[in-house]
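Note sheet for the following structure.
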Amino acid sequence: MKKIIIGNFKMNTKPSELKPYAMSLATKTKGSKNDIIICPPYTHLSVAREFLTGSGVAYGAQNISDEEKGALTGEISASMIKDLGATYVIIGHSERRAKFKETDRLVNRKIKTALANGLKVILCVGESLQIRENRQAYAFIKKELDDDLKGIYENELDSVIIAYEPIWAIGTGKTATNKDIIKMIETIRKEVEYLYSEKAGKELSVVYGGSVNLNNYKKILSNETVNGVLVGGACLDVDAFAVMCRENY
Ligand code: PEP
């Protein structure tokens, strides 16, 4: 079964490092049935365009402004990344929510801007350890989905991938158990079913992220309800990432 394999470089690597990475990934994953997406920093996108166009690897950005253009020093718009051939954008990553104080309202605006510009959205949702320990994880994720997807039409969900990323699992080496991942992904499907329709919940693309690596990716992806993985640290090693990308699931 086809899976979605996403690599998030975060603020690692230099633009000059992307050429060998991209060429190697494109070669090693040639013929793979999976959807392969990398999200390097903005500064790498023109390199991605040069070396990934026509390959089986798509690319996107890790963030965009909620505004289209204007006096917003330092911001990058959806149309700018689209102009560089990006087809995806990560929105609402927990690092942006925590460190840059991004609210659900802002995340919602960014999703609308991305979709209006023809980009596909990788929307990250996930609970903190405290929320999980207080047994509020399910209610928290439902509320995040309600707020983040407000005003998004059902026919636009084809362009949205939900990434369930428990914050306590990101970069910590601790993954959620398969049972927890499946239970939360089913909760996400049910909430989308409640917000839209049974079909929308069933057809929604939902991936898991949080310390996915070569030792655990197969087990995580073994369940049908898990449509893919979002890989941070482990995607920086192109050989390891290529193994996950070319697997026949
Ligand atoms: C991430 O960047 O969203 C992520 C899940 O990182 P890591 O795989 O390093 O936990």
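Counting convention: from 1, in listed order, for ligands and their atoms alike. Note that the structure is predicted; figures quoted are calculated from it, not measured.
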Is the closest side-chain heavy-atom distance between Tyr153 and Glu156 below 4.5 Å?
yes

Distance alone, cut at 3.5 Å: any donor-acceptor contact between the side chains of Tyr217 and Glu247?
yes

Report, in ascending order of atom number, the atoms of ligand 1 lying under 4.0 Å from any heavy atom of Ile170.
4 (C), 6 (O), 10 (O)

How far is atom 2 (O) of ligand 1 from its nearest protein heavy atom, and which residue and atom is that?
Lys10 CE, 2.6 Å

Do NZ/NE/NH1/NH2 and the carboxylate oxygens of Lys199 and Glu193 come within less than 4.0 Å?
no

Decide if atom CD of Glu154 counts as having more than 12 heavy atoms of other residues, nucleotides or ligands within a radius under 6.0 Å.
yes

Among protein heavy atoms, which sits nearest to atom 9 (O) of ligand 1, and what does the distance come to when rounded to 0.1 Å?
Gly233 N, 2.8 Å

If you count the atoms of ligand 1 from 1 in the order shown, which ones are under 4.0 Å from a heavy atom of Ser211?
7 (P), 8 (O), 10 (O)

Just checking, is any N or O donor in the side chain of Lys3 or Asn227 under 3.5 Å from an acceptor N or O on the other one?
no

Which one holds for Glu95 and ligand 1: side chain close, backbone close, both close, or neither close, with close meaning a heavy atom under 4.0 Å?
neither

Close-contact set for ligand 1 against Gly232 heavy atoms, below 4.0 Å
2 (O), 4 (C), 6 (O), 7 (P), 8 (O), 9 (O)

Is it true that Ala234 lies under 4.0 Å from ligand 1, counting heavy atoms only?
no

Salt bridge check: are Lys112 and Asp66 linked by an N-O gap of less than 4.0 Å?
no

Output the list of atoms in ligand 1 that are nearer than 4.0 Å to some heavy atom of Gly210, sorted by atom number.
5 (C), 10 (O)

Note: Ala169, heavy atoms under 4.0 Å from ligand 1, region reported as backbone

What do you reckon, does Cys235 put a non-hydrogen atom under 4.0 Å from ligand 1?
no

Could you tell me whether Phe51 and Tyr21 have their ring centroids closer than 6.0 angstrom?
no

If the threshold is 4.0 Å, N to carboxylate O, is there a salt bridge linking Arg97 and Asp104?
yes

Contact check: Asn8 vs ligand 1, nitrogen or oxygen atoms, below 3.5 angstrom:
yes

Counting non-hydrogen protein atoms only, what is the nearest one to atom 5 (C) of ligand 1? Give residue, atom name and distance.
Glu165 OE2, 3.0 Å

Starting from atom 1 (C) of ligand 1, locate the nearest protein heavy atom and write down its residue, its atom name and how far away it is, to 0.1 Å.
His93 NE2, 3.4 Å

Lys143 and Asp147 ion-paired at < 4.0 Å:
yes

I need the nearest protein heavy-atom contact for atom 10 (O) of ligand 1: residue, atom name and distance, please.
Gly171 N, 2.6 Å

